[in-house]
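Remember, it's a predicted structure, so these values are computed and weren't measured experimentally. All chains are named by letter (A, B, ...) in the order of the sequence lines, taking the proteins before the strands, and each is independently numbered beginning at 1.
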There are 2 protein chains.
Amino acid sequence: MPDEARPYHHGNLRAALLDAAERTIEKSGTERLSLRELARVVGVSHAAPRAHFTDRQALLVALAERGFDRLGAQLKAARDGAGPGFGERLRAVIAGFITFANSRPVLLDLMFSAKPYGDKARLPAAAEALAVVYDLIGDGVTEGALAPGDPERYGLLLYAWAQGLASLIAGGGLEPEVTDSLVSDAVSTFIRGNAAG
Amino acid sequence: MPDEARPYHHGNLRAALLDAAERTIEKSGTERLSLRELARVVGVSHAAPRAHFTDRQALLVALAERGFDRLGAQLKAARDGAGPGFGERLRAVIAGFITFANSRPVLLDLMFSAKPYGDKARLPAAAEALAVVYDLIGDGVTEGALAPGDPERYGLLLYAWAQGLASLIAGGGLEPEVTDSLVSDAVSTFIRGNAAG
DNA sequence: CCCTCATCTTGTCATTGCCAAGTTTCTTGA
DNA sequence: TCAAGAAACTTGGCAATGACAAGATGAGGG
């Protein structure tokens, strides 16, 4: 049944809208995202999205949440695929973060504008993604690779750095090898600058 | 002549619009900025802004540019007002940066979203502001406070961190004292992590 | 003094977000 | 099985917005 007439119920509208939205923002920027245009692209009426998202803002939040889901998964995979040492794992996780930033710069920007830190309960998926970093930092402290200190505080510092680098990279103008070694330097600096003893 | 009727020529529309716009975005966010509303606030017709800004985007760019002017001035003042040591000056400059972020978080966000790095020629004022940081780093290397290396590379790393911290702060949810000590830690980490020898 | 041009005004259009009310399909439970 | 009832989607409409066109106003240079 490939060429059937459009059924009254799309069946998958929510996901389809999110997919289209993600493509759109990555191509034209978040501010130009229009619900009506989205509906047109997906092939439904201009008010159909309302059944799934009360608001334009709600659509954006859902987009951010989905982004955090993927980011979290990616960070976990990076961590688990790396060697046993703290430095290796931290480097892998941060590299995973940067990879994400490279592949979906606008989405990442949107995710950050939702302010996932601070009030952590706002986006559970965000909290989970950030926990990967926080936990790893905690390990670093207990392993003695980092000087004793509040893991969350370390996490904020590192998170800020990663985000800044991601922004830099998303802004373009830097070669991939340059960004790789930049990230590598940042992690080294962070570890050396906070080494115990 | 306090109660005069509105003259046909405002005389200062451009600046008035920028002022009003800055107040508005800081209160309600950039996305809710409306040219028509702005015109209403300033007391001109809904198409008057067009004489000074071809576009809504042009208004935002002008806003960013003005922001970089002020930021540059503030950074220079911070640098010149600090002690002679590299650490002192670097700390002062970064602190100035963060102060700016605290006082005008939304503006700073807007400035960064214009992506002033990479293509430096885009906003001359941005290049000048960033030069303060780059130059200082260069001093640090020649003074031997930092291990030998490319000043621009150091600059990128530090700039990324500062921006990430600023974003964090702009996003809100952090107390000013927390941010202050966070920034202090960041600078210390950076210097320690890149110390010569 | 007049002419020119930047500045500002009114009028208009397409687009957008959001809401209301109706239609179609799925589901659920008696 | 079938009849509510809920969920998903449609058409219609409203106020607001950005952008454009054409005209009014006035400041300043020749």
Side-chain angles (χ1 to χ4, degrees), chain A residues 1-66 106 110 113-114, chain B residues 1-66 106 110 113-114:
Chain A
M1 59 274 285
D3 225 22
E4 238 172 313
R6 286 269 154 62
Y8 199 93
H9 283 70
H10 182 286
N12 214 2
L13 225 206
R14 198 189 138 97
L17 286 171
L18 288 174
D19 285 344
E22 200 172 317
R23 261 176 271 127
T24 300
I25 67 169
E26 219 58 66
K27 188 167 45 174
S28 322
T30 303
E31 59 286 335
R32 278 202 229 169
L33 181 71
S34 145
L35 289 181
R36 285 174 110 111
E37 165 100 23
L38 225 51
R40 251 173 265 134
V41 167
V42 174
V44 292
S45 80
H46 65 102
R50 211 171 136 66
H52 300 275
F53 307 101
T54 62
D55 224 73
R56 195 186 113 108
Q57 187 59 27
L59 190 270
L60 294 181
V61 169
L63 223 38
E65 181 124 40
R66 226 174 50 148
V106 182
L110 175 64
S113 74
Chain B
M1 60 272 288
D3 225 20
E4 233 172 313
R6 288 269 153 66
Y8 198 94
H9 284 71
H10 182 286
N12 213 2
L13 222 206
R14 199 189 136 95
L17 285 172
L18 287 174
D19 286 344
E22 201 172 316
R23 261 176 272 126
T24 299
I25 65 169
E26 220 58 68
K27 189 167 44 174
S28 321
T30 303
E31 59 287 334
R32 279 202 228 171
L33 182 71
S34 145
L35 290 180
R36 286 175 110 109
E37 165 101 24
L38 225 50
R40 251 173 265 135
V41 167
V42 174
V44 292
S45 80
H46 65 103
R50 213 173 134 66
H52 301 275
F53 307 100
T54 62
D55 226 69
R56 195 188 113 108
Q57 188 59 26
L59 188 272
L60 294 181
V61 170
L63 222 39
E65 181 122 40
R66 224 174 52 149
V106 182
L110 175 64
S113 72

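- Although no hydrogens or angles enter the test, the distance criterion places no donor-acceptor pair under 3.5 Å between the side chain of B:His9 and the main chain of B:Gly11.
- Evaluation of the side chain to side chain donor-acceptor pair (under 3.5 Å) test over residues 24-33 of chain A, restricted to residues two or more places apart or in two chains, returns none.
- Read 5' to 3', the first and last nucleotides of DNA chain D with an atom closer than 4.0 Å to a heavy atom of chain B are D:dT17 to D:dG26.
- The separation between B:His9 atom NE2 and C:dT9 atom C1' is 11 Å, rounded to whole Å.
- Summarising the geometry, atom CD belonging to A:Glu65 is positioned 13.0 Å from atom CG belonging to A:Leu60; distances are rounded to the nearest 0.5 Å.
- Closest non-hydrogen pair, B:Val42 versus B:Ala20, comes out as CG2-CB, 4.1 Å.
- Contacts of B:Glu22 classified as side-chain hydrogen bond (donor to acceptor under 3.5 Å, both in side chains), with partners at least two apart in sequence or in another chain: B:Arg66, B:Arg70, B:Arg104.
- A heavy atom lying under 4.0 Å from DNA chain D marks the following residues of residues 20-34 of chain B, by number: B:Leu33, B:Ser34.
- Looking at residues 41-59 of chain B, you'll see B:Val44, B:Ser45, B:His46, B:Ala47, B:Ala48, B:His52 sit with a heavy atom under 4.0 Å from some atom of DNA chain C.
- Closest heavy-atom contact between B:Leu59 and B:Ala21: CD1-CB, 4.0 Å.
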N/O donor to acceptor pairs below 3.5 angstrom from side-chain atoms of residues 34-41 of chain A, sequence neighbours left out:
{"residue": "A:Ser34", "atom": "OG", "partner": "A:Arg36", "partner atom": "N", "Å": "3.3"}
{"residue": "A:Ser34", "atom": "OG", "partner": "A:Glu37", "partner atom": "N", "Å": "3.0"}
{"residue": "A:Arg36", "atom": "NH2", "partner": "A:His46", "partner atom": "ND1", "Å": "3.1"}
{"residue": "A:Glu37", "atom": "OE1", "partner": "A:Arg40", "partner atom": "NH1", "Å": "3.4"}

Sequence neighbours left out, cut at 3.5 Å: what donor-acceptor pairs do the side chains of residues 48-57 of chain B make with other protein atoms?
{"residue": "B:Arg56", "atom": "NH1", "partner": "B:Leu33", "partner atom": "O", "Å": "2.3"}

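- Within residues 10-18 of chain B, the residues having any heavy atom closer than 4.0 Å to DNA chain C are, in order of number, B:His10, B:Gly11, B:Leu13.
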Please write out the pairs of protein N or O atoms and N or O atoms of nucleotides 21-23 of chain C separated by less than 3.5 Å, giving the distance to one decimal.
{"residue": "C:dT23", "atom": "O2", "partner": "A:Tyr8", "partner atom": "OH", "Å": "2.8"}

